Structures are given as structure tokens and as C-alpha cells.
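Accompanying notes for the structure given below.
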Amino acid sequence: MNSLEQHISSLAKSAVKALYNVDAEDSQIQLQKTRPEFEGNITLVVFPFVKLARKAPQAVAQEIGEWMLNEQMVNGQIVNKFNAVQGFLNLSISDAFWVEQLKAIDADANYGRFKYPNGKINDQMVHPLMMVEYSSPNTNKPLHLGHVRNNLLGYSIAQIQEANGWKVVKTNIVNDRGIHICKSMLAWLKFGNGETPESSGKKGDHLIGDYYVRFDKEYKKQIAELMSKGMDEETAKKEAPLMLEAQEMLRKWEANDPEVRALWAKMNEWVYAGFDETYRRLGVSFDKIYYESNTYLEGKSEVEKGLASGAFYRREDGSVWADLTKDGLDEKLLLRSDGTSVYMTQDIGTAKLRFQDYPIDKMVYVVGNEQEYHFKVLSILLDRLGFPFGKELVHFSYGMVELPNGKMKSREGTVVDADELMDKMIADAREISKDKVNTLQGITEDEANEIARKVGLGALKYFILKVDPRKNMLFNPAESIDFNGNTGPFIQYTYARIQSVLRKAETSDFRNVDMSKSRNIEEKELALIQRLCEYPTAVRTAGEEFSPAILCNYAYALACDFNSFYHDLSIINEPDEQKKALRLLLSRNVAKVLRTSFALLGIEMPERM
RNA sequence: GGUUCAGUAGCUCAGUUGGAUAGAGCAACAGCCUUCUAAGCUGUGGGUCGGGGGUUCGAAUCCCCCCUGAAUCACCA
């Protein structure tokens, strides 16, 4: 609730008390922005009071409106005038109030961020700590568009929660062991001829990914061969020599076989170098990285402890299980009969190490909705094992990125590669900018490339983040991502325009807007101020709902409002100094809010484009 | 089959705890650059909010039943 809403809310409560002698609940005070077809800025919905008043809605609205105007004769005027339409009381707010709001926004360098009661955003008092896990790649293939969505959501939500007062630790759990890596390793040994990133010029993650695909190809050949000899498919999949070799390799890995370990370490290094580059280009980062190869043994020992405490039980074949039937779920395997760990075991171990490293108050896992069951179970298990954040852990579950013909599948090559996609977006941005001969004259090649990078990535990131994270989204590779309309570049362009205006404004100090002189704020100016006032609510809601999309929508609305204002009204050519000062002040703060909201999305702003 | 999530304009998506005549963008069509950046602005057309009941002053939103799609229910991760 912003300060206008607070004012009107308490005014409305007073009105209801005075008129009907009832203390209104907060939930009964329903405020909304006045729809453009009516006069006014903010609207009180009076339906909740019509029963108390025993009057028609229209009459109640009229009555409350009149009471408000009278009341303010005494207590200073915020509400200027009103009109009542059915059950809706539309209130017009005074210009002075709006100017005051704008000045307050301008004075606040951290506008929109959560502030402690002392006004600081980073008090020395203990922050609640939120750990956000995201990305969490397998090391057998390069990142694709699905990972991009994960990374962008994870990074953005970390920024948003930080703006909402959390101390945030961004973390990544790298899935660096298991049968999938052995497949790549094996294929590389058999068919690689010693190929390295250096010798081939391929990024390490792509090189490894190629061998993962190669494994699958050869494996399928073997299956087909076995089946042609009369073996059934099920058996053929198990008996194919390549699969047996891969499993043997995994056993050697677990037994610390020096050769296997050395190969594993070398190939992982290649992958990490590739990932690092992709992360850097995407603009995401981590405060602490965990590796599954270091956590899975922790998980096993945690499970052993749970076994000792009676939280879990062992079956005759030696496998360890958790009985979740009391929680309405099934029984869950934690250790295989051969003693090896499963995914769940590793997540428990990772949680343990993390909790040793940080005083976690809230744990957030940014993981696709295909793993909802897994996290439901993990939450219960961590709680049983005594992790304080277990019960309340957040699985930030997001939807899949689908292609027109369905899901992306690495092994079948139907993936949109992250690196290629970024290349394409940046190249597209560069191409488009070539047609814009106007303002980009005289800039260097490097500057032009840097703008294209920001704009291309801005288009990509906004395209992904503007969709409600919970929903599946569609990406059609045949249609390029737009640079016009409701897009990142549209908002970046709005920002760049403002920067251009501010550069041209001869003075940098235009805060001397004199409110004492009554002056009429134009409708489009007022709409902009009101929109700016909504920013803190957008930041807070985005945090509560775990939805960067809310900030996208907000930034888009603000940019639309500004462009309309910019089209209709002159800024630096305005002869009236007061009006000009107000418009410059407005422009500067629109730019500020666009920039900070985009920063929370992980999108950079170009100063010109 | 059980559970969970989704279904809104030709396409991609918005739509706060139920509020006024359901909104954007793209695509289509028609206008606006000798004037602060036209990646912009303005306008036109386009809807059985999957279907049917119910709750009430009021339902895209809440409840029930169906239809469709997705995910999941592994000694995979």
C-alpha cells in the first residue's frame, strides 16, 4: 500500500465510522485505480457499506464523498473533488499531493527497495537469509533454452528478494557425477581421438555434449543390432555393450579409479569453462557453488543417521526407504540395495552442507515443475531430519519451454542452444540498429556492439521473464523474438530517449518545482506520477508471488505512459520554466525506475540506441 | 487410474484479495517524422474468458461436474 492508499484508506474508515458508526475492516476498504473512462485518480468501492447504510450504492458513494470533502476542510486537502457512479466513488487527488510524491521519489536513491524502520536498506541488524538455488546443470551437455529460463528466473528472483529486504545467497548445485557423464566420457574415449576444446575450437560444454549425443547414437545402433538378432527391446537396452561399459565406468568412478577420475576431472574442467562463459554472457552469477561429487556422501551419512533415529527403515535387500504414507504420499527410496545414492540422497547432503555454511532462514529451489513431487518429498524429509527450513522450503516451480512440436530433448537434438540463441539475438539487434541512422551516428564499432549486446539480450530476457513463471511457454525458433511492442527493447528505447533528453537539458538541477503556485498538472503527467507511485508495490508483489513477470508488466506500463506523455508534451522546448522543471523531474525519475526495475530483472539499459 | 497445474482475440501473453463496457503486443488495415531518438504515437477490425451448473448486489477470478492439454506417481536425474 503506497502513501496515497494509506491516506485514502484511513479517510474512508473515518467516513464510515462517522456516517454509519462502524469500524471498517481493512478488507472492506477496497481501493483501485480509477478507470480511464471516468474522472478521478483513485476509486473507493462502496459496496461493502451499502448494507450498513441501507441506501442505494450511488447514494452511499455520494455521502462518503461529501463527508471526505468536508473533513478535509479541516485537515488539509488531498481529495479535490469526487464523482459517484453506482457503487464507485471516484476521487480526484490534488496536484500538490502529486508533486510532493514526485519530489519524495526523486529524493530517494533506493526508491522501491525495502527499508528498515530506520530508513536504511542494509541495517546491521540481522537480515533474514534466503538461499536461492538455481541453474543446477548436468555436466554432460551445454545449456539450452530451458536452462536459460531457469537462470534468468533464478537470478531475477534473487535480485527481487534482496530488494525486499532479504540477505540473499545465490547458489548452484552442479550435477557433476553419475551415469550421464560416464556416457560422454566413454564416447569421447572411443570416438574422440583425443579431441580437446583447443584442438577443435569448440566450447568445452559443446564438445562434451557432442559426445553425449554420440553415445546415444551408437547405443541405439547396438540396441537395434541386438534386437535384429531376436532380443527384446527391454533386454537389449540393458545388455548393450556400451551401456554395460558406462555402468562399469561409474563403478570405477565411485571406487576412485585414478584413470577414470582423471578423465572425469579433465572433461568437467572443459565443461565448467564453457558454462562460465555462458553464465557471464547471460549476466548471472553465484555466491557459492556446490558439486554433487562432494555432497552425495554427506547425503548418505545423513540417511544413515535417519536410519539410526528411526526416521527411515531398511528393507531385506539392504535398500533404505522413508515411509511417507502418513503424509499422504508413498514410500520413497533413499539408498539403493547396493548402497549407492539417488537424487534425493544427494539433495539431503547438499542441504546439510549449505546449512553448515549459512544460517538459512528460507531455502528456495528454482527447479522446473516436473520435479514438484520430488520437492514435496524433500521438504518432508528435511523436516524429519531436523532442518529448520525444511518444512517451509520454497520450490519455485516454473513451467517448461516448449517448441511448436513439443518438448526439447537433448539427445534428439531438438534443443535451442543457449549460446547460439544469444548470438542470434545480438546479431539481430545489430542488424536492426543499422537502419537507425539517426542518433547512432558517430559512435564507435565497439559502442555499437555493446548496444546490440544489451538490446539483443534485453529482448531475449524480457521475452522469457514477462511470462508468468508457473506457466509453460512456447518458443518458436522460426519466428524471431520481437524488438517492437511489449518487449525489452521497447522499454530500453524509452530509457534511451529519456537519457537523450536529459543530456540535452542545459541544467542538471531542475528540482525547483514550486508547488505553492497552483498550477495544473497535465493528465499525462499525473498518470506518470501515479504510475511511479505504484513501483514499490510492484517490487513487493513480485517478491511475494515469486514473479519477475509482475515487474515486466509494471515496467511496460510505465514505458507506455512515458511514451504517450513524450509524444504529446514538449520537455526541453517547454517555455514555462515550472512546467519544464516538472517534466524533467518526471523524466529523470521514470528513467530511474525503468533502470532499477530492469536491474531486478537482470536486464541492462543502453544509454542510447 | 491417483495427484498437481493449465485452457482468455488468428498467434504470443496480461488481467492484484471477486468490482464499472475483459486488456496489451504481434499479424492485417488507415494515419503521424523540416520540431526533445518513428525500436515511437494515434485509430479500425478481431472474444460463448474450454463447456455446464452453483454461490451474490456483482464471477475470467470462488465451489461442484464434465471436456482438452501438460507434468508427475522409478533402485532416472
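Every chain is numbered from 1, with letters handed out A, B, ... down the list of sequences. Not measured: the values here are computed from a predicted model.
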Just checking [X]: base, sugar-phosphate only, or nothing, at a heavy-atom cut-off of under 4.0 Å?
X         : value
Thr487(A) : nothing
Asp347(A) : nothing
Phe88(A)  : base

[N] pairs with, by Watson-Crick or G-U criteria that keep both distances under 3.5 Å:
N      : result
C29(B) : G43(B)
U72(B) : G2(B)
G19(B) : C57(B)

[atom1] atoms of [N] and [M], separation to the nearest Å:
N      : M      : atom1 : result
A20(B) : G43(B) : C1'   : 24 Å
C13(B) : U8(B)  : P     : 10 Å
G25(B) : A14(B) : P     : 16 Å

Return whichever of Asn486(A) or Ala496(A) has its heavy-atom-nearest nucleotide of RNA chain B closer to the 5' end. Asn486(A)
Go nucleotide by nucleotide along RNA chain B from the 5' end; which of Asp568(A) and Val467(A) gets its closest nucleotide reached first? Val467(A)
Asp330(A): side chain to side chain donor-acceptor pair (under 3.5 Å) partners, not counting sequence neighbours: none
Does a nitrogen or oxygen in the side chain of Lys471(A) sit under 4.0 Å from OP1 or OP2 of A70(B)? no
Is Glu233(A) paired with Lys237(A) through a side-chain N to carboxylate O contact shorter than 4.0 Å? yes
Test item: side-chain donor near acceptor, Glu331(A) and Tyr313(A), under 3.5 Å: yes
